[in-house]
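The structure under discussion appears below in the form of structure tokens.
Computation of the quantities below employed the complete heavy-atom set of this structure, encompassing side-chain atoms and omitting hydrogens, waters and symmetry-equivalent molecules. All chains are named by letter (A, B, ...) in the order of the sequence lines, taking the proteins before the strands, and each is independently numbered beginning at 1.
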Amino acid sequence: MKPQNAITPTREEDFPEWYQQVIRVADLAENSEVRGCMVIKPWGYALWENMQAILDRMFKDTGHQNVYFPLFIPLSHLQKEAEHVEGFAKECAVVTHHRLELQDGKLVPASPLNEPLVVRPTSETIIGATVAKWVKSYRDLPILLNQWANVVRWEMRPRLFLRTAEFLWQEGHTAHETETEAIEETERMLHIYETFARDYLALPVLSGEKTASERFPGALRTYCIETLVQDRKAIQAGTSHFLGQNFAHASGIQFQSRSGQLEYAWTTSWGVSTRLIGTLIMMHSDDDGFVLPPRVAPAHVVIIPITTKEETRATVLSQAESICAKLREQSFHGQPLRVELDTRDLGGGVKNWEWIKKGVPIRLELGPRDLESGSVALSRRDHSPKDKQFIPVGQAIAEVPDLLADIQKNLLIRATQFRDAHTHSIDSQEAFYQFFTPKNSNKPEIHGGFALSHWNGSLAIEEKLKADLKVTIRCIPRGISAEPGKCIFTGEPSIQRVVFAKSY
RNA sequence: CGGGCCGUGGCUCAGCUUGGUAGAGCGCUGCGUUCGGGACGCAGAGGCCGCGGGUUCGAAUCCCGCCGGCCCGACCA
């Protein structure tokens, strides 16, 4: 009684449960003792480090510098920007004491702080307060900062990688002399996210602007990249905010302009988080586990020596080591190949399936029979586990970089086809409701997708759709020709179609 | 913070109605047979049955309180 797939249940049977199982069997992360907080395990963290390294390079190449600001934000700082406070007040962790005392054998908080400290949900306010001190003249601008940090948002409904109380991210914060420059920066970073998502994570994203109701608290404009994962729900994979002069006013970021006037700076902020890992999982993985895009994979290739026959073990191992060494001399996309050699004394099937579940792009099995024929069994993760090609060792080694490139390309094509297949222009309210209503309301089947429809711009419609269908406007897309039309809910004029979906 | 469910070895759970000193599967350890689709046999380790109190000769089981978790709602990268 062998299960056909490594993951039970399948995506079709129960998507949320499947998602959790993938994380578990791929050994990416687990829930911690602390409610809502996760432990990111070595395989998951290595993936994050690869993402970090690429993004970090991209930020530096566009003139940004890394900094580190405190985890604790004085309550008074957060209070300065009204909308900002309102947006985050409900999910802040607050530190109120600075020591513990032993009372009746139990540790209790003692010594209240004069002013409570908020554990950063984001750092606009404290960075703003600091940057205000650094900026005196237009000559001090722009200031282009980024920090890699953890943030805390006390979520009621945690889900590994998608929504946890504490998560890792990067937050960019910049200050500019003019509105135009700040807007350019906002768009530049959005574009970087878009490029990163597409070229490295193989995520086809839609980029656009958020409606007022979905905007970052305190921002004038919020841009985002949105993608559609396999249960046809949208997920926001990155955001970039044009903050206008709101935070400059709140924090007093003022400078003397070229004409000698005292002016407020124009600021931006932008970020992506470990949520990208959740997005990757839901986008590319299958019923056998995780599928890693080669460019961010912690290992590009795993070599699986079949070492079970005592008499051939030594030779198989030494051949495996030699292949490993030759592979490591090669490179893929400007990086030395990352190769794992699994020398554990386990059955071939066991080892093979472990690496399938972890999502390694290429597996090379090397057994005693291969030694005689001078070949190796090559499998790629984007093909069926049954597909195994026996090819000469030298050829296999030479082909690996090209195969990785092909897998990378293939994942993007697949994901793009999926997105396109589930993106529809919808021109009537009836069709819209039908699109977002599951046939089986007790246990909703996978349904919906991206709906491109005309909308009159009113908040009332957004609220009604959210209440009726849990559908929101994901973004007002760019790059889609702005063909005018009529709002499908009110018949009023509409400038362009916007993107609706159910979302994470 | 409102409504429902549940706390028993690492994990998933049975046992509770009808109180009598703890079980299964998976995982783990050892040995052996296997081994290129994730195998099997045998032998083991591992639990103050969420916490506190009560009823009782005796409580995982009945009663009360507390704590923790899950699901459904409101909020969210």
Under 4.0 Å between any heavy atoms, over every strand shown, what does [X] touch: base, sugar-phosphate, or nothing? Just pick one.
{"X": "A/S375", "answer": "nothing"}
{"X": "A/S273", "answer": "base"}
{"X": "A/F88", "answer": "nothing"}
{"X": "A/E155", "answer": "base"}

Go through [options] for me and flag the one nearest to the [X] side chain.
{"X": "A/P368", "options": "B/G36, B/A39, B/C75", "value": "B/G36"}
{"X": "A/R275", "options": "B/G36, B/A77, B/G73", "value": "B/A77"}
{"X": "A/I306", "options": "B/G73, B/G38, B/C35", "value": "B/C35"}
{"X": "A/V350", "options": "B/G36, B/G38, B/A77", "value": "B/G38"}

Provide the distance between the two [atom1] atoms, one in [N] and one in [M], to the nearest whole Å.
{"N": "B/G7", "M": "B/G52", "atom1": "C1'", "result": "16 Å"}
{"N": "B/C13", "M": "B/U21", "atom1": "C1'", "result": "22 Å"}
{"N": "B/C6", "M": "B/G44", "atom1": "C1'", "result": "32 Å"}
{"N": "B/G47", "M": "B/G10", "atom1": "P", "result": "8 Å"}
{"N": "B/A22", "M": "B/A60", "atom1": "P", "result": "9 Å"}
{"N": "B/G2", "M": "B/G15", "atom1": "P", "result": "31 Å"}
{"N": "B/A59", "M": "B/U17", "atom1": "C1'", "result": "15 Å"}
{"N": "B/C63", "M": "B/G20", "atom1": "P", "result": "15 Å"}

*Counting only heavy atoms not in A/Q389, do more than 12 fall under 6.0 Å of its CD?*
no

*Comparing A/D345 and A/G87 on RNA chain B - which has the more 5′ nearest nucleotide*: A/D345

Looking at [N], which nucleotide sits across from it as a Watson-Crick or G-U wobble partner, both distances under 3.5 angstrom, or is there none?
{"N": "B/G37", "answer": "none"}
{"N": "B/C66", "answer": "B/G50"}
{"N": "B/C42", "answer": "B/G30"}
{"N": "B/U56", "answer": "none"}
{"N": "B/U21", "answer": "none"}
{"N": "B/C1", "answer": "B/G73"}

Please determine, by modelled atom types, if [X] and [Y] share a side-chain donor-acceptor pair under 3.5 angstrom.
{"X": "A/N150", "Y": "A/R120", "value": "yes"}
{"X": "A/E124", "Y": "A/T122", "value": "yes"}
{"X": "A/T315", "Y": "A/R313", "value": "no"}
{"X": "A/T222", "Y": "A/H241", "value": "yes"}

*Kindly confirm whether the side-chain ring of A/F167 is stacked on the base of B/A77, judged by centres under 5.5 Å and planes under 30°.*
yes

*Do you know the tightest heavy-atom contact between A/P204 and A/A202?*
CD-O, 3.6 Å

*Can you name the residues that form a salt bridge (charged side-chain N to carboxylate O under 4.0 Å, His left out) with A/K60, not counting sequence neighbours?*
A/D56

Could you give the side-chain donor-acceptor pairs of residues 77-97 of chain A under 3.5 Å, partners two or more places apart or in another chain?
unit_1	atom_1	unit_2	atom_2	d
A/E81	OE1	A/E83	N	3.1
A/E81	OE1	A/H84	N	2.9
A/H84	ND1	A/P217	O	3.2

*asked:* Once you measure the plane-to-plane angle for A/Y200 and A/F196, does it fall in the parallel (<30°), tilted (30-60°) or perpendicular (>60°) bin?
replied: parallel

*Any A/K357 side-chain N or O less than 4.0 Å from OP1/OP2 of B/G37*: no

*asked:* For B/G37 and A/K388 - does any side-chain N or O of the residue sit under 4.0 Å from the phosphate oxygens OP1/OP2?
replied: yes

*Stretch residues 40-60 of chain A: residues that reach within less than 4.0 Å of RNA chain B through a heavy atom*: none

*asked:* Taking donor-acceptor contacts at under 3.5 Å, does the side chain of A/N352 reach the base of B/G36?
replied: no

